[in-house]
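First comes the structure, then the notes that go with it.
Counting convention: from 1, in listed order, for ligands and their atoms alike. Note that the structure is a prediction, hence the values are computed from the model and not measured. Count residues from 1 along the sequence.
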Amino acid sequence: MANPPLPNIPWEERPAGCSEIVWRYSANPIIPRNLIPSSNSIFNSAVVPFHDGFAGVFRCDNKKRDMNLNRGFSKDGITWEMENDPIEWQCDDPEIGWFQYRYDPRVLWLEDRYYVTWCNGYHGPTIGIGYTFDFENFYFLENALLPFNRNGVLFPRKINNKYVMLNRPSDNGHTPFGDIYLSQSPDLIHWGEHRFVMGVKGGWQSTKIGAGPVPIETPDGWLLFYHGVLTSCNGFVYSFGAALLDLDHPWKVLYRTGSYLLSPQTYYECVGDVPNVAFPCATLYDPPTGRIAIYYGGADTVTALAFAKMDEVLDYIKSTSEL
Ligand code: BMA
């Protein structure tokens with residue numbers, strides 16, 4: 001199990017009187033929309049442990065409302081320094097190296113480097129894959145799938161000797177449907193052996209669902225936080241819950257939360273450029289303490305932090321599971 005201890009994980013105990021499995025950081029949002037001069041909004045972003053602190057790839061929509069990815073660094077995972085200019089991706093192939101838009105990054109350590117996946121504009125949304133060794137130089141690898149697809153999330157190790165990626169086929173717009181699929185690859189470039197993982201259900205996850213942060217390996221299965229969308233008379237509402245996927249056959253869902261773990265209820269989740277959105281893209285995990293920190297976007301405007309304990313999340317998924 002490749003989950004090293006993370007003693008410096010950002011953490012705040014569950015507030016007195018709170019009975020939620022996932023609770024919010026009291027000083028949310030941790031990243032305001034205007035942290036850098038160029039930004040309109042900074043949200044749906046991903047972080048990883050890096051050196052003695054943390055590094056991240058952030059969705060920064062600029063004041064022209066271009067959607068792009070900027071890098072950032074933090075000592076404590078809470079206070080971030082971010083570059084004002086977007087990451088420049090090195091790519092030798094001009095056919096795929098051009099910029100249309102980039103958003104909703106996920107970042108992970110996989111074998112020998114940090115990989116980044118995101119929703120990449122290439123004649124419509126698809127999954128871009130890039131990598132960096134040092135958060136200085138970034139390289140674009142390929143578009144993994146044909147448009148239209150979003151929410152591409154890699155597993156942090158090969159499974160059955162293949163790279164594995166969750167993804168969500170979509171349309172070219174705001175997609176009023178969507179189930180989670182899984183694709184497999186020998187080399188992170190050629191993808192196939194597609195499998196259905198799970199589809200929409202009632203209530204908070206009735207319109208569409210999509211993988212959130214990189215899955216965490218546990219003895220009980222891959223822990224996947226995922227977002228679910230409900231269509232209200234006022235538009236989409238983005239909440240998140242979690243599932244446990246079989247370790248060897250990760251398209252097999254073992255358990256799945258019947259209720260959401262967090263839904264947009266605070267001001268910074270309900271009010272912003274897109275109201276009523278809580279959209280998780282990263283977790284940090286410290287196995288010795290069971291602490292989990294969840295990074296999520298609030299209302300497509302700011303970045304927020306929530307906390308949970310691994311044993312409680314696993315118990316909750318199992319005890320509320322509805323497959
Ligand atoms: C999805 C993506 C996300 C966004 C969400 C709510 O389709 O664009 O980046 O958070 O819609 O607007």
Contact check: [X] vs ligand 1, nitrogen or oxygen atoms, below 3.5 angstrom:
X: D300; answer: yes
X: R150; answer: no
X: Y103; answer: no

Is the closest heavy-atom distance from R59 to ligand 1 below 4.0 Å? yes
Just checking H194 against Y181, ring centres under 6.0 Å apart?
no
task: Measure from the ring center of F50 to the ring center of Y114 and say whether it is less than 6.0 Å.
output: yes
At under 4.0 Å between heavy atoms, what of F236 touches ligand 1? The answer is neither
For F279, the ligand 1 atoms with a heavy-atom partner under 4.0 Å come out as 3 (C), 10 (O)
On the 0 to 90° scale, with breaks at 30° and 60°, tag the Y260-W204 ring pair as parallel, tilted or perpendicular. perpendicular
Exercise. Classify the angle between the aromatic ring planes of F138 and W89 as parallel (below 30°), tilted (30 to 60°) or perpendicular (above 60°).
Key: perpendicular
min-distance protein heavy atom vs atom 1 (C) of ligand 1 -> Y238 OH, 3.3 Å
the protein heavy atom lying closest to atom 2 (C) of ligand 1 turns out to be D104 OD2, 3.6 Å
Side chain to side chain donor-acceptor pair (under 3.5 Å) between E13 and W11, intermediate numbers included
CA-CA 7 Å; E13 290 296 336; W11 185 252; 3.0 Å; yes
Self-check item: Face-on cation placement of R71 at F135 ring, 6.0 Å and 45° thresholds
Solution: no
